[in-house]
Enquirer: 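Before anything else, here's the structure in question.
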Amino acid sequence: MALTVETESHIYQALRTASGAAAHLVALGFTIFVAVLARPGSSLFSWHPVLMSLAFSFLMTEALLVFSPESSLLRSLSRKGRARCHWVLQLLALLCALLGLGLVVLHKEQQSKAHLATWHGRAGLLAVLWAGLQCSGGVGLLYPKLLPRWPLAKLKLYHATSGLVGYLLGSASLLLGMCSLWFTATVTGGAWYLAVLCPVLTSLVIMNQVSNAYLYRKRIQP
């Protein structure tokens, strides 16, 4: 028997709700896993993976999911209230990323190691710089009068698209970090594959949300 349009819509919404809930749990679980593994405070370097996973796995994921009608933990807030929470979470993510980057630079200086010698380091630097530009671009949405010649709808679309690229860069940096000697020396076998799946899963959920939001805007445009 063929499914009705209404039934398909309910199934789709249920799948989005389930995937969003999984993204919340995976983002938090992965960050806790890295924190347990790194034992923050045991060395200067130990803070780097903790801060980066906190920034790009947990805070940034929550900042993007805050707008999801099915998965947001702040659905009771107004659109303006959720936008402010998004901005705060993104700013915290940027601060954590900057601190994590600064600490690993200091660690390499103390160890007399080369900077940006790996793809992980290059991707991480690019992700942090992109996050900084993204936060700067968000100011234009908070205060649209600063950009009077740009339609607000286009600004939102460009900001969402750029944010997705930045999120994927951060996820790529996390994936490359799990190929580092520090990570592979401790996490092996099935545990390593499960860890790799975490940023992959959250990236898929975030991509679905951003694309769904774009299609929704296209439908409501006259």
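The structure displayed is predicted, hence computed values, not measured ones.
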Enquirer: Relative to each other, are the rings of H120 and H48 parallel, tilted or perpendicular (30° and 60° limits)?
Expert: perpendicular
Enquirer: Does any part of the side chain of F30, heavy atoms only, come nearer than 4.5 Å to the side chain of F58, both counted from C-beta?
Expert: no
Enquirer: Is there a side-chain contact between L59 and Q90, using heavy atoms and a 4.5 Å cut-off?
Expert: no
Enquirer: Go through S53 and T31 one step at a time and tell me if the side-chain hydrogen bond (donor to acceptor under 3.5 Å, both in side chains) criterion holds.
Expert: CA-CA 5 Å; S53 60; T31 304; 4.6 Å; no
Enquirer: Honestly, is R122 close enough over W119, meaning NZ or CZ under 6.0 Å from the six-membered ring centre and within 45° of the axis?
Expert: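 Yes, cation above the ring, under 6.0 Å and within 45°.
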Enquirer: I want to check something: taking the side chain as every heavy atom from C-beta on, are V205 and L65 in contact at a cut-off of under 4.5 Å?
Expert: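 The answer is yes, as the side chains (C-beta and beyond) meet within the 4.5 Å cut-off.
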Enquirer: Measuring only between side-chain heavy atoms, which start at C-beta, is F45 closer than 4.5 Å to W182?
Expert: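 With C-beta onward as the side chain, the pair touches.
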Enquirer: Rest of the hydrophobic cluster containing L169 (Ile/Leu/Val/Met/Phe/Trp/Tyr, side-chain heavy atoms under 4.5 Å)?
Expert: L126, W130, V165
Enquirer: Does some side-chain heavy atom of L64 sit less than 4.5 Å from a side-chain heavy atom of L164?
Expert: no
Enquirer: If you define the side chain from C-beta out and look only at heavy atoms, does anything of M52 sit under 4.5 Å from V128?
Expert: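 A side-chain contact under 4.5 Å exists here.
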Enquirer: With heavy-atom distances below 4.5 Å as the criterion, would you say the side chains of L77 and C85 are in contact?
Expert: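 A side-chain contact exists here, since the closest heavy-atom pair is under 4.5 Å.
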Enquirer: Aromatic rings F33 and F183: how do their planes relate, parallel, tilted or perpendicular, breaks at 30° and 60°?
Expert: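 Perpendicular.
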